[in-house]
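Here the structure is laid out as structure tokens; the discussion comes afterwards.
Sequence lines set the chain letters: A, B, ... in the order given, protein chains first and strands last, and positions in each chain run from 1.
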Amino acid sequence: MDFNEKVYRLCSQIPLGRVSTYKLIAQKMSSKAYRAVGQALKHNPNPPIIPCHRVVESSGDLGGFGGKLRSQKKIRLLKGEGVEIKGNKIVDFKNKLYRFK
DNA sequence: AGTCGAGCGCGCA
DNA sequence: TGCGCGCTCGACT
């Protein structure tokens, strides 16, 4: 089980209308390589299977794909899934946060 | 309170 | 082999 495979697995476990954070994912795999998680998702080998756009920063911000990158469409898609986004922040982030039980 | 720097793991040059 | 990244947190200001 490679590092990024775990990441992919966890991401795919995120229910519809929920989001998660890099930190939680890293902690779930007993690592503190938060950035590595982001990189793994960035390289994302299975776009349709892995909802990388549901993974955001722990502060509730979208992260790199929201404000910095031009991936505004992902936000649009995310909204369509039930995750409301205001600017580059997630509305009721804590409420929608999925903790990988 | 806000800013700065370090540290993790993987991918690419 | 070395550096950067879709980040996070602790320490200092």
Using the P atom as the point on both nucleotides, what is the distance between C:dG6 and B:dT3, in whole Å?
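Between the two P atoms, the distance is 22 Å.
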Once base and sugar-phosphate atoms are separated, protein heavy atoms under 4.0 Å mark nucleotides 8-13 of chain C, 5' to 3', with B, S and - as SS----
Using the side chain to side chain contact (heavy atoms under 4.5 Å, CB included) rule, take A:Glu81 and A:Leu77 through it: C-alpha gap first, then chi angles, then the decisive distance, then the call.
CA-CA 6 Å; A:Glu81 293 178 346; A:Leu77 181 60; 4.3 Å; yes
If every non-hydrogen atom of [X] is compared with every non-hydrogen atom of [Y], which pair is closest and at what distance?
X	Y	answer
A:Val91	A:Lys96	O-CE, 3.5 Å
A:Thr21	A:Ser58	CG2-CA, 3.6 Å
A:Leu97	A:Ser20	CD1-CA, 3.7 Å
A:Met29	A:Phe3	SD-CE1, 3.4 Å
A:Pro51	A:Cys11	CG-O, 3.3 Å

I'd like a table of atom pairs between the protein and nucleotides 9-13 of chain B - only N or O on both sides, under 3.5 Å - with the distance next to each one.
residue : atom : partner : partner atom : Å
B:dG11  : OP1  : A:Asn4  : ND2          : 3.0

Just grab all the side-chain hydrogen bond (donor to acceptor under 3.5 Å, both in side chains) pairs involving residues 28-39 of chain A, residues at least two apart or on different chains.
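Matches after skipping sequence neighbours: A:Gln39-A:Lys42.
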If you look only at pairs with a residue in residues 72-101 of chain A, which of them pass as a ring-ring contact (aromatic ring centres under 6.0 Å, His included), with sequence neighbours excluded?
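The answer is A:Tyr98-A:Phe100.
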Using a 3.5 Å distance criterion without hydrogens, assess whether the side chain of A:Arg54 forms a donor-acceptor pair with backbone atoms of A:Ile14.
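Yes; at least one donor-acceptor contact below 3.5 Å.
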Given pairs defined as Watson-Crick or G-U wobble with both distances under 3.5 Å, what dot-bracket annotation applies to DNA chain B, with ( ) intrastrand, [ ] crossing, | other strand and . unpaired?
|||||||.|||||
Filter on salt bridge (charged side-chain N to carboxylate O under 4.0 Å, His left out), then keep only pairs touching residues 2-24 of chain A, sequence neighbours left out; what's left?
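For residues 2-24 of chain A, and leaving out neighbouring residues, there are no salt bridge (charged side-chain N to carboxylate O under 4.0 Å, His left out) pairs at all.
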Counting any heavy atom closer than 4.0 Å, what does A:Val55 reach on the DNA or RNA strands: base, sugar-phosphate only, or nothing?
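Base: the residue A:Val55, judged by heavy atoms under 4.0 Å, touches a nucleobase.
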